[in-house]
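Lettering follows sequence order; numbering is per chain, from 1.
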Amino acid sequence: MSDNRVRVRFAPSPTGPLHIGGVRTALFNWLFARHHGGAFILRIEDTDQKRYVADSIQLITEGLRWLGMDWDEGPEVGGEYGPYIQSERLELYQKWANWLVEQGRAYRCYCTEERLDALREQQKAAKQDPGYDRHCRTLSADERAQNEAEGKPYVIRFMMPTEGSTTVNDLLRGDISFDNKQLQDLVLLKTDGYPTYHLANVVDDHFMEISHIMRAEEWIPSAPIHKNLYDAFGWDMPQLAHLPVILNPSGKGKLSKRSAGFTEGGRKVPVLLYEFLDGGYVPEAIVNFLTNVGWSFGEDREVFTVQETIERFDLSRVNPAGSIFPIEKLDWLNGVYLREMDDHKLAALLRPVFEKAGYEVNLDVLLQVIPLLKPRIKTLPEAIPMGGFFFAEEFKPAPKEELIQKKMDAAGTKAALERAYALLNALTEWSHAAMEGALRPLAEELGLSAGQLFGALRMATTAQQVSPPLFESMEVIGRAESLRRIQLAIASL
RNA sequence: GCCCCUAUCGUCUAGAGGACCAGGACGCAGCCCUUUCAAGGCUAAAACUGGGGUUCGAAUCCCCAUAGGGGCACCA
């Protein structure tokens, strides 16, 4: 199954934190590379100086590593096709842009921003399609010479064919044709000497010997542009596969961090990768979840390991239709992974969560608590209300009213707690089994339901309406402290 | 406005002409278990956008309509 000619890349631009949509694109590329035994390349497309955000590259590399995606070539690891940061390859792009000019396939355009803006306004007013009017494409030799003599700044524009059509093949959708009249004489090289995305992308994919381009669906309209560029250069175009977009839970538009990043219930949906980290999702669950959006394992299976995914991943199972971000499925899946997780590993994840919430964590206690927490949490922060009280420095007894259970009064509650105290105090072994063995008959004797008696004890020992099972909790709290708390409750009645 | 893509339960999806009165999962509802909350088990409701073709036969192929999405920068 190994094909070392498979070379794919993830090519984000460093404009801020990783977006989950980008992560999905990266993941599919990575899975494809690993499945075929090819190379996964990380390339940084920093050709827009205005949008560059410092530290972005680090956020990207850390994010990919967190999810377990390693790259064979790129920043931090190097490679034979580098550099892998586009701002370090400017000469290459300039060379090939100029080559196109020499070949008569591109031209210098001296139009100012003002003229372009005015043109756009005019087109808009006349309800014409927007686009460059190719003014500088037909400049005479004299006009050109004059512009050069004046030292006017210029961009290099591609001379797009104006007739016929361009057909590109998409591995998921088949052939897609575009009327060349729709295509623009787009800018290849900007005034500042930096390439645009289109030029840099084509040049790099060619020289980095990329075999398959897997990118998001919003790039489909630029595929014919790229195709014409490859043709002009005389290069073969890599295979294309446009991955479906992920839509907002609101159903309106692409998944974005703004406006519609909420579910119908008004819940904030995580979108940036760090928001998933902060939200208490684990990487294994995120990866498993992402592979279920736009791709399916088959065999009616929803839960599987990365290794299984790598073995099975292929483009034929990619669904070309866009999909709404199914966040509730991630919650469920995260719960599945948390339940299956090794106790020590979960302890390492939970410890900082409790500490951040202001609790001082005793590792021994945490390890005892984890089995109680496991089936009750879907995300890490949910452990705080469920288990935080185990680490509270000072016990705050529940108010009297809350000790009294349904259809009971203060006197009855007090009497029941006193009897329970006596039985527990007499126990030779402080285990949940022993406690239950002693107290269940008591409930019956007192004519109370298990819910009434245990409810009162829960309130007395944990001061919580909701908690892990009573006796297991008391086991963790310890004999002396549990008995002390029951005494406290009795005294308050 | 123009161009392009897509279309199965509320949602994520299975389905590559007969094995489909359409399967799985999440969510939702009910029941069981149960000391609260979960987890777990069981059951239920829930979909092939519409219309034309092609074919002995269409969720699957073609066309049109509709709907949703994407794109039309010296941003990627």
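For A/R376, taking side-chain heavy atoms from C-beta onward, the closest of the listed nucleotides B/rA76, B/rC72, B/rC37 is B/rC37. Ranking B/rC74, B/rU13, B/rU35 by closeness to the A/S323 side chain, first place goes to B/rU13. For A/L116, counting side-chain heavy atoms from C-beta on, the closest listed nucleotide (B/rC74, B/rC4, B/rG27) is B/rC74. Nearest to the side chain of A/R440, among B/rA14, B/rU34, B/rC2, sits B/rU34.
Annotation: cation-pi geometry satisfied between A/R24 and A/F28 (NZ/CZ under 6.0 angstrom from ring centroid, within 45° of ring axis).
Rounded to a whole Å, the CD1 atom of A/I225 is 11 Å from the P atom of B/rC74. Remark: C1' of B/rC74 and NE2 of A/H135 are 17 Å apart, rounded to the nearest angstrom. What separates CZ of A/F454 from P of B/rU35 is a distance of 7 Å, to the nearest Å.
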Between N or O atoms, less than 3.5 Å apart, protein on one side and nucleotides 68-70 of chain B on the other: list the pairs.
| from | atom 1 | to | atom 2 | distance (Å) |
| --- | --- | --- | --- | --- |
| B/rG70 | OP1 | A/K254 | N | 2.8 |

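Note: A/Y197 and A/H226 have tilted aromatic rings, judged against thresholds of 30 and 60 degrees for the angle between ring planes.
With hydrogens and angles ignored, a donor-acceptor pair under 3.5 angstrom links the side chain of A/T191 to the base of B/rC74.
Under the Watson-Crick and G-U wobble criteria, each requiring two contacts below 3.5 Å, nucleotide B/rU55 is left unpaired. When both distances must be under 3.5 Å, the Watson-Crick or G-U wobble mate of B/rU11 is B/rA25. Across all strands shown, nothing is found opposite B/rA16 as a Watson-Crick or G-U wobble partner with both distances under 3.5 Å. Under the Watson-Crick or G-U wobble criterion, with both distances below 3.5 Å, B/rG68 is paired with B/rC5.
Remark: A/N319 is in phosphate contact with B/rA14, judged by side-chain N or O atoms under 4.0 Å from OP1 or OP2. Considering only side-chain N and O atoms, A/K190 lies under 4.0 angstrom from the phosphate OP1 or OP2 of B/rC75. For the OP1/OP2 pair of B/rG40 and a distance below 4.0 Å, the side-chain nitrogens and oxygens of A/R339 include at least one atom meeting the criterion.
Comparing B/rC63 with B/rU54, their C1' atoms sit 11 Å apart, to the nearest whole Å. B/rC62 sits 27 Å from B/rG23 when the C1' atoms are compared, rounded to a whole Å.
Both A/V187 and A/S296 lie close to RNA chain B; mapped to their nearest nucleotides by heavy-atom distance, the more 5′-ward contact belongs to A/S296.
RNA chain B lies under 4.0 Å from at least one heavy atom of each of the following residues of residues 120-131 of chain A: A/R120, A/D129, A/P130.
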